[in-house]
Amino acid sequence: MDDADALDAYSRSVSSVAAEVTPHVASVRLARGSGSAVVFADDGHLVTNAHVVGSGAHGIATYSDGTETRFTVVGADPLSDLAVLRASEAPPAARLGDADKLVVGQLVVAIGSPLGLAGSVTAGVVSALGRSLPVRTRSAGRVIENVIQTDAALNPGNSGGALADSAGRVVGVNTAVAGFGLGLAVPINDTTRRIIDTLTVEGRVRRAYLGVVGVPAPLPDDVAEHTGQRAGLRIVEVVRGGPAERAGLRPGDLVLTVGRSRITDAQDIQRQLFAEVIGTRLAITVLRNGAMVDVFATPSELVN
C-alpha cells in the first residue's frame, strides 16, 4: 500500500463516521451559553455536558440540516458533567458504543459546534485512557474516572458533542479542552449510561457518600493467591464524621470488596454509590495488618 492509498483509507474512514454521526449531533444555545449535544434516544432526548446548560432550563437546538427546535433541560449532574435535554423534535438516536473497549492509538472522530460552527468534524486518536477529571459543585467534589484523552482538535462549543469510533459509535461526550492539542471526553460506559438513564427518568442523580480517599495498590502475593484478586484500594484519608469513619475504616486499610464486589480503584466504589444504598448497611472487606476485616458502613446521601 502506498502513501496515497493509506491516506484514502483514512479519509474514507473519517468521512464515513462523519456522514453517520453528524445528523445526530445538534448545536445548542441557551440564554447564558452554547455547545453541542447528541441524540441518544428516539423520543427526542439528547445528552450534553452539565457545564453547557449551567442553570439554564431551555434553549434552541439546531441540527446539521438546518432544522431548529426548542428543548428543555430534563436534568443535569455536575459531578459527572452530564445533562439530558428533551427536544420537541429530533432525528433518530445515534448508536452508542462502549468506551471501556477503546485502546490507545485507536481512531476517533469528534463532531460538534466549535465557535458555533455546527457539524464541524475533526479526527485524531485516543491519546490516553484512564485519565481523571476533577469536578466540583458548591459543596461536593468528585473525580470523573476513565476520561478519554484525544488529540482530535476540540474548541469552545465542542463541549457536549460526540466522540465516535471508526464504526460510527458514540463512545464519549466531549467535555473539556485541555489545550496544547489535548482534548478530554466523558466516556460512554455502563456507569455513565446509568447516570444518563437516571437523569432521563428522575431529572437528577442521587449519590451515596462514604467519605474515603484512596489510591490503587497491589495485594500481597499470599492474599492475591488466596482471593484471586491482585489489587485493592488503599485508603489514604478518611473524612472526619463521615460514614467510613463511623464504620471504623482507617487510613492504611486496603479495601478488597464493597457490597461483596471486588474493588481495584475508586471508580469501582463510585459505581456502587447510587441512591439504592443510601441508608443501608454496606459490607466492606479490608486488609488490615495482614488480616482480612469485615466492617459495615451506612452511606449517607451526598448533598450537592
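Along the sequence shown, residues are numbered consecutively beginning with 1. Below, all heavy atoms of this structure are taken into account, side chains as well, without hydrogens, waters or symmetry copies.
- When all heavy atoms of A162 and N174 are compared, the pair lying nearest together is O-ND2, 3.2 Å.
- Between the E68 side chain and the A61 main chain, no donor and acceptor come within less than 3.5 Å of each other.
- Side chains of E20 and R95 form a contact here, defined as non-hydrogen atoms less than 4.5 Å apart.
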**Study point:** Worked verdict on L233 versus D268 for side-chain contact (heavy atoms from CB on, under 4.5 Å)
**Key:** CA-CA 9 Å; L233 188 75; D268 287 339; over 6 Å; no

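- Around the CZ atom of R246, the shell of radius 6.0 Å holds more than 12 heavy atoms that belong to other residues, nucleotides or ligands.
- Of the possible donor and acceptor atoms, none in the side chain of N189 sits under 3.5 Å from a partner among the backbone N and O of D100.
- Between E301 and R207 there is no salt bridge, since none of the side-chain N atoms of the basic residue sits less than 4.0 Å from a carboxylate O of the acidic one.
- Proximity of I148 to L184: side-chain heavy atoms (C-beta onward) are nowhere separated by under 4.5 Å.
- Atoms OG1 and CZ, on T48 and F71 in that order, are 8.0 Å from each other to the nearest 0.5 Å.
- The cationic group of R194 lies under 6.0 Å from the six-membered ring centre of F274 and within 45° of the ring axis, placing it in a cation-pi geometry.
- Using a distance-only test at 3.5 Å, with no hydrogens or angles considered, a donor-acceptor pair links the side chain of T69 to the main chain of E89.
- For the pair L219 and Q229, the minimum side-chain heavy-atom distance is below 4.5 Å.
- Closest approach of A123 and V14 over heavy atoms only: CB-CG2, 3.9 Å.
- Residue V255 is grouped with residue L210 when hydrophobic side chains (ILVMFWY) are merged at heavy-atom distances under 4.5 angstrom, including chains of intermediate members.
- Between G35 and S113, the shortest heavy-atom distance links the atoms O-CB, 4.1 Å.
- Contact annotation: the side chain of T280 never approaches that of T298 to less than 4.5 Å [non-hydrogen atoms, C-beta and beyond].
- Side-chain atoms of N49 come within 3.5 Å of backbone N or O of G160 as a donor-acceptor pair.
- Dense packing is recorded around CG of D294, with more than 12 heavy atoms of other residues, nucleotides or ligands lying under 6.0 Å away.
- Follow the hydrophobic side-chain contacts under 4.5 Å out from V205 and you reach V173 in the same cluster.
- Expressed to the nearest 0.5 Å, how far CD1 of I284 lies from OG of S261 amounts to 12.0 Å.
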Exercise for review: Would you sort out whether E237 and V212 count as a side-chain contact (heavy atoms from CB on, under 4.5 Å), showing the intermediate values?
Suggested key: CA-CA 6 Å; E237 181 182 349; V212 296; over 6 Å; no

Review point. Given the rule in the side-chain contact (heavy atoms from CB on, under 4.5 Å) test, do L102 and V171 qualify, once you have shown the distances and angles that lead to the verdict?
Key: CA-CA 8 Å; L102 292 174; V171 292; 4.1 Å; yes

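- The closest donor-acceptor contact from the side chain of S15 to the backbone of S11 lies under 3.5 Å.
- Following chains of ILVMFWY side-chain contacts shorter than 4.5 Å, one cannot reach L79 starting from I269, and the two form parts of different hydrophobic clusters.
- Counted within 6.0 Å of CZ on R230, heavy atoms from surrounding residues, nucleotides or ligands total 12 or fewer; the atom is thus considered open.
- The distance from atom CZ of R12 to atom CG of D8, rounded to the nearest 0.5 Å, is 5.5 Å.
- Sorted by first and then second residue, the pairs that involve residues 278-289 and meet salt bridge (charged side-chain N to carboxylate O under 4.0 Å, His left out), not counting sequence neighbours, are D253-R288.
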Exercise for review: Would you check, one step at a time, whether the test side-chain contact (heavy atoms from CB on, under 4.5 Å) holds for D190 with R271?
Suggested key: CA-CA 9 Å; D190 288 343; R271 286 191 186 105; 5.9 Å; no

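- Taking CD of Q149 as the reference point, atom CG of L129 lies at 9.0 Å (rounded to 0.5 Å).
- The backbone N or O of I111 lies less than 3.5 Å from no partner atom in the side chain of N158, so there is not a single donor-acceptor pair.
- For the pair R204 (side chain) and T198 (backbone), a donor-acceptor distance under 3.5 Å is absent.
- The minimum heavy-atom distance linking P91 with V39 is given by the pair O-CG1, 3.4 Å.
- The shortest distance between side-chain heavy atoms of T22 and V121 falls below 4.5 Å.
- Clustering ILVMFWY residues whenever any of their side-chain heavy atoms sit less than 4.5 angstrom apart, transitively, puts F40 in the very cluster that holds V170.
- Here the OG-CG distance, from S300 to L273, works out to 10.0 Å after rounding to the nearest 0.5 Å.
- The CZ atom of R29 sits 13.0 Å away from atom NE2 of H58, with the distance rounded to the nearest 0.5 Å.
- In this structure, V17 is not a member of the same hydrophobic cluster as L163, with clusters built from ILVMFWY side-chain heavy atoms closer than 4.5 Å.
- Summarising the local packing, CG of N289 is surrounded by 12 or fewer heavy atoms from other residues, nucleotides or ligands at distances under 6.0 Å.
- A donor and an acceptor atom, one from each side chain of T200 and D197, are nowhere located under 3.5 Å apart.
- Under a 3.5 Å cut-off, the side chain of R193 and the backbone N or O of D98 do not form any donor-acceptor pair.
- A heavy-atom distance below 4.5 Å is found between the side chains of V186 and L82.
- One N or O on the side chain of D165 and one on the backbone of G168 form a donor-acceptor pair closer than 3.5 Å.
- Listed here is the closest heavy atom pair of A19 and P23: O-CD, 3.3 Å.
- D151 is not listed as a side-chain neighbour of V126, based on a closest heavy-atom distance of 4.5 Å or more.
- Under the 3.5 Å distance criterion, the side-chain polar atoms of T122 are matched with a main-chain donor or acceptor of A153.
- In summary, the side chains of D77 and S80 do present a donor paired with an acceptor at a separation below 3.5 Å, with no hydrogens or angles considered.
- Contact check for V74 versus L85: no side-chain heavy atoms found under the 4.5 Å cut-off.
- In the model, S159 has no side-chain atom that pairs as donor or acceptor with a side-chain atom of T175 under 3.5 Å.
- The minimum heavy-atom distance between V258 and Q272, with the atom names listed, is O-NE2, 2.8 Å.
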